[in-house]
2 protein chains.
Amino acid sequence: MPSDTKDRILDSAEILFAQNGFSATSLRAITDHADVNLASVNYHFQSKDALVQAVLMRRLNPVNQRRLEMLNAILQRFPASPPPVEEILEAFYRPVVEEVMKSQREGRPIMPLIGRIFIEPGELVASQVRSLMSQVVTAFVDAFHLALPQVPPAVLFWRLQFAVGMMSHTFAAAPLIEGLSRGRIRINDTEEVLRQLIAFAAGGLRGAMP
Amino acid sequence: MPSDTKDRILDSAEILFAQNGFSATSLRAITDHADVNLASVNYHFQSKDALVQAVLMRRLNPVNQRRLEMLNAILQRFPASPPPVEEILEAFYRPVVEEVMKSQREGRPIMPLIGRIFIEPGELVASQVRSLMSQVVTAFVDAFHLALPQVPPAVLFWRLQFAVGMMSHTFAAAPLIEGLSRGRIRINDTEEVLRQLIAFAAGGLRGAMP
DNA sequence: GTCTATAGGGTGATAGAC
DNA sequence: GTCTATCACCCTATAGAC
């Protein structure tokens, strides 16, 4: 339980944004849920847009930092030979999947938020995400180029986007997917989700050139 | 230019939903854009929710029908041997990609809508999409089982969802992706998009078992 | 830092005249 | 089928007392 007002607002905003989307969630709903005063949102953050950014950044910054750490560790272990595709993919996926599953256990599930980041309109969200993702995308495209020198960089870029979409859609549409599968799959086991993501993405990255 | 009020509302709603999302688009914005009276929305449709459904169904029904037609044509050509994975993937992707690109040319781009379908909250949207997607998912999982008998059905189900996510994210986040790629890729050529999607998904579907 | 009160405007839906 | 007018309510943001 966060005691300080600013954290209470961030936590409640995260829960409600994940459940109902950004624009469908009013500041009143957030302050009611957080049991704080309506005006405190505009005191601690300046506007609703700034609050949305703060909620996203609190989750995305540690995830992207961890991705780059894991990637660098791999590259140092393979200074002269191509690094394994599967290991690069694990560096890309594991920090997100672990953060998402942690949020489930803590009762503040952010699964739908992950998918919405790339999709909700609004210049601010897009520009923030863009600058934050830019160095991650560059680093991973470069790593995949080392691992798969025969695949042209433009094709690697397509394929990295597909790798993002696989995960993003899996989390964003998790309830729909679990329902459609009629019990065949469940999206709640970190290692199982990672195995499935990495196996498919590795096959895709290595796929015949179009 | 549609002359009849109901179609004018559907067209304007589609444009604005694609640009700004469902909940951020007001009925007033729609009727202003369509140059029709506000009350006509509640006359022709009963509510905003029903309008959202009508907009989605107008696009999704023909696409899913075409998918099943193409799939059946393939299965009839391979009555005794496994059908090729690439052809099944083309039956899955081509109707959507063509519909999206057609909408671009007609000045009513639905790219962002495609990604949002699976993500926007609201029981109505979810339940409509669910029942509409259900037979498509079943038919394609069965077809992939014929094409790849060594892959367990549960894994095929994971992989079909990944195939959906690849496309859905590519369209939903197209401006972001094109920006991040710094000119390396453009998402505006039907055949190029299909080649990239099919090559990656085919590799993924054939990938080593996790 | 936290509160009340309110400004200023938008929202979906509908009643009832034409 | 189409319109005007309106109901009842929700919204973000802020001024100003404590």
Side-chain angles (χ1 to χ4, degrees), chain A residues 1-58 113 116-117 120-128, chain B residues 1-58 113 116-117 120-128:
Chain A
M1 288 285 171
S3 53
D4 134 64
T5 300
K6 200 167 173 177
D7 285 338
R8 295 174 66 89
I9 293 170
L10 282 171
D11 288 352
S12 293
E14 182 175 89
I15 293 170
L16 296 172
F17 286 157
Q19 269 170 24
N20 309 315
F22 300 119
S23 76
T25 302
S26 69
L27 295 182
R28 275 177 176 76
I30 294 168
T31 53
D32 283 1
H33 186 278
D35 203 28
V36 300
N37 190 272
L38 172 63
S40 62
V41 173
N42 287 80
Y43 175 77
H44 287 288
F45 308 86
Q46 285 77 359
S47 65
K48 184 180 174 178
D49 263 336
L51 173 61
V52 170
Q53 288 177 59
V55 168
L56 291 180
M57 290 307 134
R58 189 174 59 150
L113 215 66
R116 260 197 282 275
I117 289 170
E120 284 256 343
E123 288 306 313
L124 283 174
V125 173
S127 76
Q128 285 281 114
Chain B
M1 288 285 170
S3 54
D4 140 61
T5 301
K6 200 167 172 176
D7 285 338
R8 296 174 65 88
I9 294 171
L10 282 171
D11 287 353
S12 292
E14 183 176 89
I15 293 170
L16 296 172
F17 286 157
Q19 269 170 26
N20 308 316
F22 301 119
S23 75
T25 303
S26 69
L27 294 182
R28 277 174 175 77
I30 294 168
T31 54
D32 282 1
H33 186 278
D35 202 29
V36 301
N37 191 271
L38 172 62
S40 62
V41 174
N42 287 81
Y43 175 79
H44 288 288
F45 309 87
Q46 284 77 359
S47 64
K48 184 180 175 179
D49 263 335
L51 174 60
V52 171
Q53 287 176 59
V55 169
L56 292 180
M57 289 307 133
R58 189 174 60 149
L113 215 66
R116 261 198 283 274
I117 288 170
E120 284 256 343
E123 287 307 314
L124 283 174
V125 173
S127 76
Q128 285 279 117

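The figures here come from the full heavy-atom set of this structure, side chains too, leaving out hydrogens, waters and symmetry mates.
Going from atom OG1 of B:T5 over to atom NE2 of B:H44 covers 5.0 Å, rounded to the nearest 0.5 Å. Here CG of B:N42 is found 6.5 Å from CG of B:L27. Values are rounded to the nearest 0.5 Å. Of the inter-residue distances, the one linking B:H33 atom NE2 with B:L16 atom CG reads 5.0 Å to the nearest 0.5 angstrom.
Rounded to whole Å, atom C1' of C:dA13 lies 16 Å from atom CZ of B:F45. In this structure, NZ of A:K48 is placed 13 Å from C1' of D:dA13, rounded to the nearest angstrom. For B:Q46 and C:dA13, the CD to P distance is 10 Å, given to the nearest whole Å. Between the P atom of D:dA13 and the CD1 atom of A:I9 lies a distance of 13 Å, rounded to the nearest Å. Between B:L51 atom CG and C:dG12 atom C1' there is a gap of 12 Å when expressed in whole angstrom units. Spacing between atom CG of A:L27 and atom P of C:dG9 amounts to 19 Å, rounded to whole angstrom units. D:dC11 atom P lies 10 Å from atom CD1 of A:I30, rounded to whole Å. B:D35 has its CG atom 13 Å from the C1' atom of D:dC3, to the nearest Å.
Between C:dG1 and A:T5, no contact under 4.0 Å exists linking OP1 or OP2 to a side-chain N or O. Residue B:N37 places at least one side-chain N or O under 4.0 Å from the OP1 or OP2 atom of D:dT4. One finds a side-chain N or O of B:S26 lying less than 4.0 angstrom from the OP1 or OP2 phosphate oxygen of C:dT11.
Heavy-atom distances to DNA chain C give each of A:L38 and A:Y43 a nearest nucleotide, and the one nearer the 5′ end belongs to A:Y43. Along DNA chain D, the nucleotide nearest to A:A24 and the one nearest to A:N42 differ in position, and the one closer to the 5' end is contacted by A:A24.
Looking at B:R28, its side chain has no donor and acceptor atom pair within 3.5 Å of the base of C:dG10.
Looking only at side-chain heavy atoms (C-beta outward), A:K6 and A:V36 stay at 4.5 Å or farther from each other. By the 4.5 Å heavy-atom criterion applied to side chains, A:L56 and A:F17 are not counted as neighbours.
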